[in-house]
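Owing to the predicted nature of the structure, the values given are computational and were not obtained by experimental measurement.
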Amino acid sequence: MRWIIFIVFFLFIEIYAYQALKTLTRNYWVVILYFVITAAVLGNFLYQWLTPAEGSVLTGARGYAFGFLLSVMLFKLILTLIMFGEDIFRLGAGGFEKLFSSNGSFSLPSRRKFLSQLAMGIAAIPLASVLYGMYQGKYNFRVLRYTLYFEDLPDAFDGYRLSQISDVHSGSFDNKKKIKYGIDLLNEQESDMIVFTGDLVNNEASEMEPWKEMFGEIKAKDGVYSILGNHDYGDYKDWNTPEEKKQNLDTLKETHAKMGWQLLLNEHKFIERNGEKIALLGVENWGAGGFKKEGDLDKAGAGLSEKDFKVLLSHDPSYWQEKIKKDPKNYHLTLSGHTHGMQFGIEIPGWFKWSPVQYRYQNWAGMYEEFGRYINVNRGFGYLAFPGRVGIWPEVSVIELKKGPKPA
């Protein structure tokens with residue numbers, strides 16, 4: 001039934017998209033090229049989708065097939081909306097003529113060429129954006145900086161800097177030079193601590209093999225700390241046995257250690273400086289809805305008091321809304337990821353921020369504050385399913401902690 005709905009929808013927008021092309025040109029070769037490209041994109045998608053694959057996550061050729069189909073369908077959908085709107089106008093004009101003209105005849109006005117030209121121009125924008133996102137945008141790394149003020153921050157940590165990356169999804173990578181650039185950019189921040197907030201792989205620990213040496217180059221004075229994300233547990237693949245799935249997770253945990261990352265599994269440790277300390281906690285994944293719920297904040301924070309200054313790593317920001325922000329132990333700063341900002345949206349710093357993912361997650365990209373407590377949702381280092389990013393770029397977050405009241 002889903003395939004039938006998809007095919008009917010595709011044919012509907014195809015009919016309207018062709019109307020725009022036909023209004024502009026009837027050149028035989030242009031029309032042939034148009035239909036060849038459409039058939040190739042649709043045929044490749046169907047082939048990739050119907051070919052058996054490991055796991056349920058779109059990667060590699062499947063991901064690109066989806067990306068090309070998305071770009072073509074967005075192009076045709078924009079054309080459809082404009083041409084359908086013109087048809088409504090034409091029907092109205094024809095009806096008006098039948099009711100009020102002297103001869104009482106009904107005829108549709110011809111399509112206007114300039115409107116088809118306008119439709120083509122507008123539709124080309126999302127087409128070009130998606131193609132750019134697939135070939136350049138997914139590696140368009142940005143450094144986003146935040147300064148947070150806390151009156152109870154220990155004096156020794158005034159000016160302390162943390163860098164955060166999240167959602168590596170190494171099984172999607174296809175360009176070592178670009179990934180090396182992103183890692184170098186992270187190291188160039190020279191932060192006191194670096195944290196990774198989950199989803200190192202898509203399905204299997206082996207996806208990290210070609211990349212672990214490169215990611216092992218990530219260094220910070222106070223160390224590199226990490227947690228697990230929902231993809232790290234191997235839940236999106238059918239394993240032969242439960243033991244095989246467990247072995248995959250064990251191997252992934254060993255990979256963290258081999259890279260020099262300290263994996264926090266519902267636990268905490270203290271970072272000390274000049275006789276003072278802050279607590280760094282890491283919980284396993286906890287996600288609203290059908291996502292895995294292994295996170296245990298109470299276990300991770302056992303032995304800590306409300307007065308301890310705390311930084312918490314929690315992959316899914318829904319845990320912050322569910323429990324963390326209102327916990328009486330006062331978790332000052334939570335660092336999350338998971339949403340990727342949907343890898344698609346519009347951001348104009350200080351003025352406008354939108355993505356479809358905001359209708360699913362209250363906290364989906366950037367820094368948020370409630371009750372004097374903060375959460376930063378990193379937009380992700382890698383990408384998943386759609387092999388690109390449009391308007392929501394891969395991110396390195398740099399957060400500086402300052403002692404004192406928040407400036408007015």
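Considering only heavy atoms from C-beta on, Asp316 comes within 4.5 Å of Tyr361 through its side chain. Within the 4.5 Å cutoff, side-chain heavy atoms of Arg389 are placed close to those of Ile392.
Ring geometry, Trp3 versus Phe6: the interplanar angle exceeds 60°, so the pair is classed perpendicular (tilted spans 30 to 60°). Between Phe66 and Phe386, the ring-plane angle classifies as perpendicular under the 30° and 60° cut-offs.
A cation-pi arrangement is present between Lys277 and Phe270, with the terminal nitrogen or guanidinium carbon under 6.0 Å from the aromatic centre and inside a 45° cone about the axis. In this structure, Lys176 satisfies the cation-pi test against Trp211, with its NZ or CZ atom closer than 6.0 Å to the six-membered ring centre and inside 45 degrees of the ring normal. Relative to the six-membered ring of Trp239, Lys237 meets both conditions, a distance below 6.0 Å and an angle of at most 45° to the axis. A cation-pi geometry, defined here as NZ or CZ lying under 6.0 Å from the six-membered ring centre and within 45° of its normal, does not hold between Arg379 and Trp393.
Between Gln117 and Lys113, the side chains place no donor N or O within less than 3.5 Å of an acceptor N or O (distance only, hydrogens not considered). Side-chain contact of Asn330 with Arg373: a donor-acceptor pair under 3.5 Å is present, judged by distance alone. No side-chain N or O of Gln19 forms a donor-acceptor pair with one of Thr23 less than 3.5 Å apart. Looking at His231 and Asn202, their side chains never bring a donor and an acceptor atom within 3.5 Å of each other. Using modelled atom types and a 3.5 Å distance limit, the side chains of Thr25 and Asn27 yield no donor-acceptor pair.
With values rounded to the nearest 0.5 angstrom, Tyr331 atom OH is found 7.0 Å from Leu312 atom CG. Remark: Ser166 OG to Phe381 CZ distance equals 11.5 Å, nearest 0.5 Å. For the atom pair CZ (Phe35) and CG (Leu42), the distance works out to 12.5 Å, reported to the nearest 0.5 Å. Considering CE of Met208 and CG of Leu252, their distance stands at 8.5 Å, rounded to 0.5 Å.
When atom types are taken as modelled, the side chain of Glu217 and the backbone of Ile183 share no donor-acceptor pair closer than 3.5 angstrom. Glu400 places no side-chain N or O within 3.5 Å of a backbone atom of Leu148 that could act as its donor or acceptor partner. Glu276 places no side-chain N or O within 3.5 Å of a backbone atom of Glu272 that could act as its donor or acceptor partner. When atom types are taken as modelled, the side chain of Asp192 and the backbone of Asp222 share no donor-acceptor pair closer than 3.5 angstrom. With hydrogens and angles disregarded, no donor-acceptor distance shorter than 3.5 Å links the side chain of Asn266 to the backbone of Lys299. The main-chain N or O of Ser355 is found under 3.5 Å from a side-chain atom of Gln358 such that the two form a donor-acceptor pair. For the pair Glu267 (side chain) and Leu265 (backbone), a donor-acceptor distance under 3.5 Å is present. In this structure, Lys310 contributes its side chain and Asp308 its backbone to a donor-acceptor pair below 3.5 Å.
Shown are Asp199, Thr197, Asn230; of these, the side chain to side chain donor-acceptor pair (under 3.5 Å) with His338 is made only by Asn230. Each of Tyr146, Phe150, Tyr368 was evaluated against Tyr374; a single residue qualifies, Phe150, per the ring pair (Phe, Tyr, Trp, His ring centres under 6.0 Å) test. The only option from Gln164, Arg145, Arg142 that meets the side chain to side chain contact (heavy atoms under 4.5 Å, CB included) definition with Ser397 turns out to be Gln164.
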Side-chain donor-acceptor distances from residues 67-84 under 3.5 Å, at least two apart:
residue, atom, partner, partner atom, Å
Ser71, OG, Phe68, O, 2.7
Lys76, NZ, Glu14, OE1, 2.7
Lys76, NZ, Tyr34, OH, 2.7
Lys76, NZ, Thr38, OG1, 3.1
Thr80, OG1, Ile13, O, 3.2
Thr80, OG1, Lys76, O, 2.8

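Note on Lys292 versus Asp232: no salt bridge recorded, every NZ/NE/NH1/NH2 to OD/OE distance being 4.0 Å or above. A salt bridge between Lys329 and Asp298 is absent, with no side-chain N of the basic residue lying under 4.0 Å from a carboxylate O of the acidic one. A salt bridge links Lys406 with Glu369: the distance from a Lys NZ or Arg NE/NH1/NH2 to an Asp or Glu carboxylate oxygen falls below 4.0 Å. In this structure, Glu209 pairs ionically with Lys212, as a charged nitrogen and a carboxylate oxygen lie closer than 4.0 Å. Between Lys307 and Asp152 there is no salt bridge, since none of the side-chain N atoms of the basic residue sits less than 4.0 Å from a carboxylate O of the acidic one.
Other residues, nucleotides and ligands contribute at most 12 non-hydrogen atoms within 6.0 Å of the NZ atom of Lys178.
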Salt bridge (charged side-chain N to carboxylate O under 4.0 Å, His left out) between Lys138 and Asp174, worked out: CA-CA 11 Å; Lys138 63 186 179 184; Asp174 57 13; 3.2 Å; yes
Residues Lys325, Glu370; criterion salt bridge (charged side-chain N to carboxylate O under 4.0 Å, His left out); working and verdict: CA-CA 7 Å; Lys325 72 176 185 181; Glu370 290 187 41; 2.7 Å; yes
